[in-house]
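Presented below is the structure to which this report refers.
What you see is a predicted model; the values in this text were computed from it and never measured. Here is how names work: the chains are called A, B, and so on, in the same order as the sequence lines, proteins then strands, and each is numbered from 1. Atoms considered below: every heavy atom in the structure, side chains included; atoms not considered: hydrogens, waters and symmetry mates.
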Amino acid sequence: MENKILTGHVDLSQFHVDPIDFAPASEEDKAYMVQMRPSSTFFKDGCKRLYKNKVAFVSLIVIILITLSSIVLPLVWPYDYAKQLGNQPGRPVDSSFNNLRPMEYAASERKRIEAGESVFPHIFGTDSAGRDYFIRVVYGTRISLAVGFFASIIVLVIGMTLGSIAGFSGGKVDMFIMRIVDIIYSLPDMLMVILLASVMRETLGPAIDGTVLAKIGSNIISLFVIFALLYWCSMARLIRGQILSLREQEYVLASQATGAGPGWIIKKHLIPNCISVIIISTALQIPSAIFTESFLSFLGLGVNAPMPSLGSLASDALNGVTSYGYRLVIPAIVISLIVLSLNLFGDGLRDAFDPKLNQ
Amino acid sequence: MSTEERPLVEVKHLKEYFPINTGWFKTTPLKAVDDVSFIINRGETLGLVGESGCGKTTVGRTILHLYQPTDGEVIYDGKPIKTKEDLTEFRKKSTMVFQDPYSSLNPRMTVSDIIAEPLDVHKMYTDPKAREQRILELMDHVGLNSEHASRYAHEFSGGQRQRIGIARALAINPEFIVCDEPVSALDVSIQAQVINMFDELQDQLGLTYLFIAHDLLVVRHISDRIAVMYLGKMVELADAEEAYNHPLHPYSKSLISAVPIPDPKIARSSKRIALQGDIPSPLNAPSGCPFRTRCPYATDVCAESMPPFEEVEKGHFVACHRVREING
Ligand SMILES: Nc1ncnc2c1ncn2[C@@H]1O[C@H](COP(=O)(O)OP(=O)(O)O)[C@@H](O)[C@H]1O
Ligand code: SF4
Ligand SMILES: [Mg+2]
């Protein structure tokens with residue numbers, strides 16, 4: 001076949017090239033053309049690049065460690081995040097449990113140790129209500145991570161739906177959705193977040209009283225609502241842009257030319273080509289959600305007491321900041337660690353998987 | 001009329017206007033293709049040439065109804081394409097080869113899935129063995145090594161990618177293929193190979209081509225007839241040799257005089273005609289003859305009305321008011 005093509009009937013002298021170029025390929029040339037990079041899928045390539053990126057890899061390990069310990073530790077820890085240790089039923093309140101310094105023991109615990117019993121240490125001491133601070137930090141990490149994760153999922157679902165509707169339908173619908181996006185963008189977001197959070201705190205609390213939702217707490221729900229209302233915009237914009245540019249790709253036209261319907265094109269062409277961008281920006285959304293949650297909790301608009309989150313822990317610590325500064329520093333370090341490693345990991349993901357960078 | 005005489009594709013007064021936002025609530029139509037008519041006979045290759053931006057791609061895509069025609073008619077094998085059912089039928093017989101070998105192949109699909117896409121869309125093979133057999137057969141047709149079937153398109157050179165695109169086009173056993181500058185993006189040495197392959201395939205499979213190119217040399221060899229477009233309008237249509245050796249429209253003359261001659265001993269009868277100025281924007285095309293802003297022969301009459309597309313000699317159509325004086 002190769003030879004037949006090469007000796008076709010175009011008069012080669014008409015082209016300004018050396019006829020040598022059209023001589024049948026030698027075995028050597030053929031071998032060269034056949035021997036190309038070993039076949040590897042896009043996904044494998046990306047994973048390899050991600051693995052090579054040391055910063056991203058270390059960040060991933062940090063994230064996994066923090067996540068796992070925030071899930072496992074509360075299950076095995078001898079202390080509970082809400083339990084005020086000095087408050088034993090049937091006994092007077094033992095205030096020596098309050099405000100213990102790291103590794104310090106309360107009076108009754110010291111007696112038990114002297115009697116030969118072993119008492120589990122309070123690694124970070126206790127807070128002003130006598131609750132073990134370490135487990136509160138671990139539990140707060142769990143809450144913060146969960147809020148960040150679910151908020152990102154909400155943002156993803158809403159942003160993806162509206163973004164793809166806008167990208168697909170174009171025209172008036174697109175214009176309408178994009179104008180809403182512009183309006184939300186133009187609002188000062190922190191002000192909106194604070195306003196919404198304080199309004200919803202008043203109205204949502206009584207509304208969900210007694211339902212399952214009450215258990216989660218009105219404040220967390222209002223946090224999710226805030227994310228759903230305000231933070232879908234950049235996701236929607238991103239996905240709309242992706243769809244608009246993918247629709248212009250000639251392989252989509254080729255698919256249409258063979259008679260493929262919209263379902264086929266979405267499934268075979270659009271989703272596989274924008275999935276990595278979606279995953280990456282969702283990954284980058286998590287730290288921003290955690291940050292917003294911490295910020296709101298710090299202002300007292302976050303999770304309901306006694307549930308801790310990293311932000312509310314830091315906020316509570318402010319009261320005794322002069323004598324117990326470490327109670328502010330510890331959650332602050334954990335927040336920074338989580339946000340930093342998620343951001344670094346997200347950047348690594350983008351470098352490894354963004355097709356625009358590796359073409 | 002018998003099938004033999006009936007043209008395979010008949011394009012009548014085809015128009016494609018793109019609405020362009022030119023203000024807050026204002027759109028202006030961009031006349032990418034403006035009233036173009038021609039026929040393509042069965043088994044023939046019609047070459048379509050013109051500067052970049054003159055609407056060649058749009059003609060090809062509108063014929064295939066990838067863009068809904070603003071006006072006009074496409075009649076395929078005697079049947080106008082009107083309803084959805086007509087279009088579904090038409091899609092099984094027509095296809096397109098694209099200009100850009102990079103954007104025309106999905107980077108997330110393997111070569112075999114790309115080639116088999118038309119088969120899968122039409123659910124032509126239920127047996128995976130038969131499907132694979134067909135893929136290998138198609139790859140062999142276009143000179144691709146069967147070992148490449150499970151690779152991704154980004155691993156291939158431009159010429160090989162274009163072959164993959166051609167194999168995909170051949171999958172449904174089409175009758176009519178729009179080839180949109182299929183070799184412009186390739187190295188010169190590979191261009192000849194790919195053009196020869198188109199020629200071979202036409203002989204083997206009895207294909208009919210609309211072959212778009214901006215390079216006259218490329219189309220001259222493969223085309224039976226050549227059409228020249230300028231600013232959304234067709235200005236000349238003639239047999240390939242006739243169009244190349246005796247162009248009648250001033251624009252075609254300048255295009256052909258711009259083709260470098262490989263052998264300096266072959267003296268060219270006419271001098272090189274250099275065009276002044278740039279091609280106007282299709283958003284504000286000149287009145288009357290679209291070429292008049294650059295035509296060395298333009299007079300007042302050219303600004304008044306669009307010259308009709310007339311058969312000046314047998315089978316030689318030209319749209320120019322002064323065609324007889326110029327060539328007289
Ligand atoms: N989808 C589109 N929307 C708006 N304008 C378009 C579109 N496609 C092409 N055009 C315009 O139509 C004109 C003809 O384009 P095209 O058919 O691609 O020309 P060619 O293939 O001859 O280079 C150009 O001015 C181009 O900008
Ligand atoms: S009609 Fe007039 S402007 Fe147009 S090509 Fe002929 S001579 Fe030139
Ligand atoms: Mg084009």
Side-chain angles (χ1 to χ4, degrees), chain A residues 1-25 30 33-43 45 171 175 245-246 248-261 264-265 268-276 355 358-359, chain B residues 61 64-66 87-88 91-92 94-100 102-110 113-114 117-118 120-122 140-143 145 147-148 150-152 154-157 160 165 168-169 171-172 178 188-189 191-197 199-200 217 220-222 260 262-263:
Chain A
M1 194 66 208
E2 199 86 278
N3 282 353
K4 226 176 356 177
I5 290 163
L6 290 170
T7 55
H9 23 253
V10 166
D11 176 8
L12 294 177
S13 69
Q14 295 290 333
F15 292 86
H16 317 276
V17 286
D18 198 329
I20 286 290
D21 287 347
F22 298 95
K30 276 188 200 161
M33 282 159 88
V34 170
Q35 179 249 325
M36 279 175 298
R37 274 178 291 154
S39 177
S40 69
T41 65
F42 174 78
F43 182 72
D45 268 356
M175 172 137 144
S245 79
L246 286 176
E248 292 297 305
Q249 297 290 313
E250 287 182 340
Y251 55 79
V252 174
L253 278 175
S255 198
Q256 278 168 352
T258 62
W264 177 276
I265 289 169
K268 292 281 177 178
H269 298 297
L270 301 187
I271 292 179
N273 280 289
C274 60
I275 192 80
S276 55
N358 57 49
Q359 248 174 21
Chain B
R61 290 182 181 176
L64 293 184
H65 286 64
L66 291 175
L87 188 58
T88 312
R91 292 236 189 275
K92 289 184 185 155
S94 65
T95 180
M96 186 154 189
V97 174
F98 291 86
Q99 172 172 10
D100 182 354
Y102 291 87
S103 109
S104 62
L105 306 179
N106 186 339
R108 300 282 184 278
M109 283 165 85
T110 60
D113 282 341
I114 291 173
E117 188 181 4
D120 298 339
V121 166
H122 294 292
D140 185 52
H141 255 318
V142 297
N145 195 321
E147 289 159 25
H148 298 167
S150 60
R151 298 197 178 194
Y152 285 80
H154 68 83
E155 300 173 44
F156 294 88
S157 68
Q160 284 168 313
R168 168 179 61 194
I172 48 162
V178 174
V188 182
S189 57
Q191 287 191 356
Q193 290 179 23
V194 174
I195 290 174
N196 284 337
M197 190 172 72
D199 224 359
E200 298 265 346
L217 269 180
R220 181 190 174 191
H221 288 285
I222 195 168
D263 188 349

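Although no hydrogens or angles enter the test, the distance criterion places a donor-acceptor pair under 3.5 Å between the side chain of B:Ser104 and the main chain of B:Asp100. In this structure a side-chain-to-backbone donor-acceptor pair under 3.5 Å is present from B:Asn106 to A:Lys268. Side-chain atoms of B:Arg168 do not come within 3.5 Å of backbone N or O of B:Val97 as any donor-acceptor pair.
Between A:Ile265 and A:Ala260 the shortest heavy-atom distance is CD1-O, 4.0 Å.
Contacts between B:His122 and chain A at a heavy-atom distance below 4.5 Å involve the side chain alone, from C-beta outward. Contacts between B:Thr110 and chain A at a heavy-atom distance below 4.5 Å are absent for every atom of the residue.
Per-residue heavy-atom pair counts under 4.5 Å with chain B were compared for A:Gln249, A:Glu248, A:His269, and the maximum is reached by A:His269. Between chain A and the residues B:Leu105, B:Leu87, B:Asp113, the largest count of heavy-atom pairs under 4.5 Å involves B:Leu105. In terms of non-hydrogen atom pairs under 4.5 Å with chain A, the most contact-rich of B:Asp120, B:Thr95, B:Thr88 is B:Asp120.
Scanning for side-chain hydrogen bond (donor to acceptor under 3.5 Å, both in side chains) contacts around B:Arg61 gives A:Glu250, B:Tyr67, with sequence neighbours left out.
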